[in-house]
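Quick caveat, the model's predicted, so the values are computed rather than measured.
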Amino acid sequence: QVQLVESGGGLVQAGGSLRLSCAASGRTLSSYAMGWFRQAPGKEREFVAAVSWNGGSTRYADSVKGRFTISKDNANNAVYLQMNSLKPEDTAGYYCAAVSTQSSGYVPYIPRSYNYWGQGTQVTVSA
């Protein structure tokens, strides 16, 4: 079992930055691909970014490409999401997710591809 805990959310003005963290316990993340998803009230959970188990491959939603950066720190068993140039439409609950894999190119963007989920952290961007 992998337990995931997100942190770093908050209230920020448009154009600002936040860095989300996802700390893992129970298993080392070195053999897990990781993803970040978000969900706004009344909307479905949507993909934000993903990183392969070794950090060598990444994938981003078009809406965040060039503004968000996902990174993985296997030594500290954590994954991060650096969010810059935030927009009001980025307001949502942000969730990290993990899936065990041995493929260095596996960076899934579909929620059901992931086995483990955190409880989420809220990000609110004011205009």
Minimum heavy-atom distance [X]-[Y], with the two atoms named:
{"X": "V51", "Y": "V107", "value": "C-CG1, 3.6 Å"}
{"X": "A92", "Y": "A40", "value": "CB-N, 3.9 Å"}
{"X": "V79", "Y": "I70", "value": "CG2-CG1, 4.0 Å"}
{"X": "S17", "Y": "Q82", "value": "CB-NE2, 4.0 Å"}

Any sub-3.5 Å donor-acceptor pair from [X]'s side-chain atoms to [Y]'s backbone N or O?
{"X": "N74", "Y": "W53", "result": "yes"}
{"X": "N76", "Y": "A78", "result": "no"}
{"X": "Y106", "Y": "V99", "result": "no"}
{"X": "S57", "Y": "G105", "result": "no"}
{"X": "T121", "Y": "S7", "result": "no"}
{"X": "E6", "Y": "Q119", "result": "yes"}

query: Would N54 and S104 count as having a side-chain donor-acceptor pair, cut-off 3.5 Å?
result: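 Per modelled atom types, N54 and S104 side chains form no pair under 3.5 Å.
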
field: T101 side chain to S103 side chain, donor-acceptor N/O pair below 3.5 angstrom
entry: no

- request: Applying side chain to side chain contact (heavy atoms under 4.5 Å, CB included), run through T124 and V12 and close with a yes or a no.
  value: CA-CA 6 Å; T124 302; V12 64; over 6 Å; no

task: Evaluate the ring planes of F47 and F37, with Trp represented by its six-membered ring, and classify them as parallel (under 30°), tilted (30 to 60°) or perpendicular (over 60°).
output: perpendicular

message: Between D90 and K87 (salt bridge meaning N to carboxylate O under 4.0 Å), is one present in this structure?
response: no

Say you draw a straight line from [atom1] of [X] to [atom2] of [Y]; how long is it, rounded to the nearest 0.5 Å?
{"X": "T28", "Y": "N77", "atom1": "OG1", "atom2": "CG", "result": "4.5 Å"}
{"X": "Y114", "Y": "S100", "atom1": "OH", "atom2": "OG", "result": "12.5 Å"}
{"X": "I110", "Y": "R45", "atom1": "CD1", "atom2": "CZ", "result": "15.0 Å"}

Give a yes or no on whether [X] atom [atom1] has more than 12 heavy-atom contacts from other residues, nucleotides or ligands under 6.0 Å away.
{"X": "Y109", "atom1": "OH", "answer": "no"}
{"X": "K65", "atom1": "NZ", "answer": "yes"}
{"X": "E89", "atom1": "CD", "answer": "yes"}

message: Any non-hydrogen side-chain atom of K72 less than 4.5 Å from a side-chain atom of Y80?
response: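 Not in contact.
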
- prompt: Is the cationic atom of R27 (NZ for Lys, CZ for Arg) positioned less than 6.0 Å from the six-membered ring centroid of Y32 and within 45 degrees of its normal?
  reply: no

message: Looking at Y95, I'd like to know if the NZ or CZ of R38 sits under 6.0 Å from its six-membered ring centre while staying within 45 degrees of the ring's axis.
response: no

